[in-house]
Amino acid sequence: MSDCRSIQKDLAAYLSGDLSGDSALSVKEHLAMCPKCNKEFENIKRILDGADSLHDDIRKVMATIDWDALPGRITRAVFEKEESVRPETKARTFWQAAFQPRWRPVYAGVAAGLVLGVILTLVFFKPGALRTPAVGAKYYASNEVIDRVELQMAKRDTLDYLERSEYLILDFIQSSPEKAKLLQKEQAGLKAKDLLSKKRYINQQLDRIQMAKAKEICNQIEFLFLELSQISEELTVDEIEKIQKLVEQKQLLLKIKLLKKEIEESEV
Amino acid sequence: MTLTRMYQKKVFVLTYSFFRNKEDALDLVQETFLRLYQKIGMFEKDRNFEGWMLQIAKNLCIDYYRKNYGRRRGLESGRTVEELNIADARAEEAHSASDFKEILTRCVDKLAERQRTIFIMRHYNQMKNEEIAQVLNISLGTVKSLHFKAIQNLRALMSPYLGCEG
């Protein structure tokens with residue numbers, strides 16, 4: 001028959017109940033009058049019935065299983081597996097978290113910082129940068145950076161010394177000789193002594209920064225303070241007046257001011 | 001525990017259908033629930049839970065089958081399906097229903113993987129086409145088409161035994 005092939009194609013669907021009403025009806029009608037297709041129908045039915053009967057076999061096997069015990073067995077297996085996996089999982093989780101892609105820029109930054117730090121350390125503290133102390137030298141700077149810091153400190157110390165000296169001298173010369181005598185007794189003497197000890201330190205700094213003019217002025221100040229600190233009660237008012245005039249003659253205050261300005265503006 | 005009680009038989013039917021060996025099937029049931037508990041956080045709410053669970057079981061069955069089963073089954077009998085068919089056909093004896101089932105199951109084993117899975121789900125598990133489509137994540141048309149091809153191939157494989165031209 002002309003449509004046997006198409007009918008045979010539909011037999012599996014027909015047996016599975018997947019054909020629509022009209023198609024199923026035409027297959028049914030054809031089977032009733034075609035022995036060849038009917039035989040094929042029987043063969044396929046036998047296969048499908050055989051397959052479906054396997055389901056019954058499964059039911060029989062299932063009847064032999066203790067289904068109440070199985071959940072317990074599965075639960076135990078779940079816990080056993082979790083116990084065996086847990087330590088490794090924890091370790092893995094930590095490392096996985098530590099090496100997540102989103103942390104990579106941070107690690108890269110830290111690594112770059114370390115490399116830069118090492119390079120800078122090598123550049124600044126390379127053997128050649130260290131200055132070997134000269135035999136007999138009073139002091140030495142370890143490298144250029146420390147040199148610069150020390151000079152900056154010397155500059156600041158000198159300015160401080162000059163400023164304090166300025167105030168003290170100003171107090172001394174602006175007071176009347178009687179008052180100046182009283183002043184030097186109470187305060188100026190102490191201040192002068194303090195500044196003299198400071199001067200000993202400043203001397204080194206001035207040598208260091210090679211400021212001959214500054215050293216000369218500071219020496220004059222030192223001399224004055226030496227005088228002031230050694231003023232005794234026996235020193236007459238006249239003598240004090242004489243020292244005041246000397247300070248004015250030497251224009252010590254003006255010199256101090258100029259020196260201060262010069263130090264402040266200088267690039268040490 | 002409750003989850004296991006609810007679905008253990010359904011999973012067993014699938015795993016047993018693949019292997020027709022009780023112990024292997026039970027091991028696969030256990031493995032399915034282990035995997036299920038591990039992956040439970042990945043379950044999407046709008047998905048069919050049973051379908052998802054059977055999909056896990058099916059995947060495990062296929063992996064296990066690929067690793068162990070195809071070769072073992074051949075070794076158990078020592079005879080290929082073709083040899084069985086020819087021997088049976090030549091014997092011209094009335095075959096028992098158990099012989100027919102044995103040949104049929106071996107022919108099912110010879111089907112392509114997707115055809116075999118769909119045939120097993122449809123006939124051994126008695127699942128509907130819609131359910132199979134959901135579990136395998138394929139269209140209904142594909143399920144019907146693969147089922148049809150599976151029957152055609154089985155028909156061809158079993159033709160010597162059925163005693164007529166395919």
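Chain A is the first sequence line, chain B the second, and so forth, proteins listed ahead of strands; every chain is numbered from 1.
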Note to self: Tell me whether the count of non-hydrogen atoms from other residues, nucleotides or ligands lying under 6.0 Å of NZ in B:K22 goes above 12.
What the structure shows: yes

Item checked: Heavy-atom contact with chain A under 4.5 Å, split by part of B:L154 -> both

Note to self: Salt bridge or not between B:D27 and A:R73? Use side-chain N to carboxylate O under 4.0 Å.
What the structure shows: yes

Check: How far apart are the closest heavy atoms of A:S16 and B:I151, and which atoms are they?
Finding: OG-CD1, 4.3 Å

Notebook entry, point to check: Can you tell if the side chain of A:K9 reaches within under 4.5 Å of the side chain of B:F148, non-hydrogen atoms only?
Noted result: yes

Next item on the list: Provide the closest heavy-atom pair for A:I47 versus B:L104 in the form atom of the first, atom of the second, distance.
Entry: O-CD2, 3.5 Å

Next item on the list: Identify the two heavy atoms, one from B:Y16 and one from A:V61, that lie closest to each other, and give their separation to 0.1 Å.
Entry: OH-CG2, 3.3 Å

Next item on the list: Tell me, yes or no, whether the heavy-atom count around A:Y107 atom OH, taken from other residues, nucleotides or ligands under 6.0 Å, exceeds 12.
Entry: yes

Note to self: Counting heavy-atom pairs under 4.5 Å with chain B, which one of A:L48, A:L11, A:L15, A:I44 comes out on top?
What the structure shows: A:L48

Item checked: Stepwise side-chain contact (heavy atoms from CB on, under 4.5 Å) check, B:L34 with A:I74 -> CA-CA 7 Å; B:L34 276 173; A:I74 290 169; 5.7 Å; no

Note to self: Among A:D57, A:D56, A:D52, A:D49, exactly one meets salt bridge (Lys or Arg N to Asp or Glu O under 4.0 Å) together with B:K101. Which residue is that?
What the structure shows: A:D57

Notebook entry, point to check: Where is the tightest heavy-atom contact between A:H55 and B:H123, given as atom of each residue plus distance?
Noted result: CB-O, 4.0 Å

Next item on the list: Indicate yes or no: at least one non-hydrogen side-chain atom of A:L54 is less than 4.5 angstrom from one of B:S17.
Entry: no

Item checked: Distance in Å, B:Y124 OH paired with A:I58 CD1, rounded so as to fall on 0.5 Å steps -> 8.0 Å

Notebook entry, point to check: Sub-3.5 Å donor-acceptor pair from the side chain of B:Q8 to the main-chain atoms of A:L70, do we have one?
Noted result: no

Check: Do A:D68 and B:R5 meet the salt-bridge criterion of a basic N to acidic O distance under 4.0 Å?
Finding: yes

Notebook entry, point to check: Got more than 12 heavy atoms from elsewhere within 6.0 Å of CG, A:D66?
Noted result: yes

Next item on the list: Start with the C-alpha gap between A:M62 and B:V13, add the side-chain angles, then the distance that decides, and say whether side-chain contact (heavy atoms from CB on, under 4.5 Å) holds.
Entry: CA-CA 8 Å; A:M62 285 173 76; B:V13 171; 3.5 Å; yes

Checklist line | Region of A:A51 that comes under 4.5 Å of a non-hydrogen atom in chain B | finding: both

Notebook entry, point to check: Are side-chain heavy atoms of B:M158 and A:R46 found at a separation under 4.5 Å?
Noted result: no

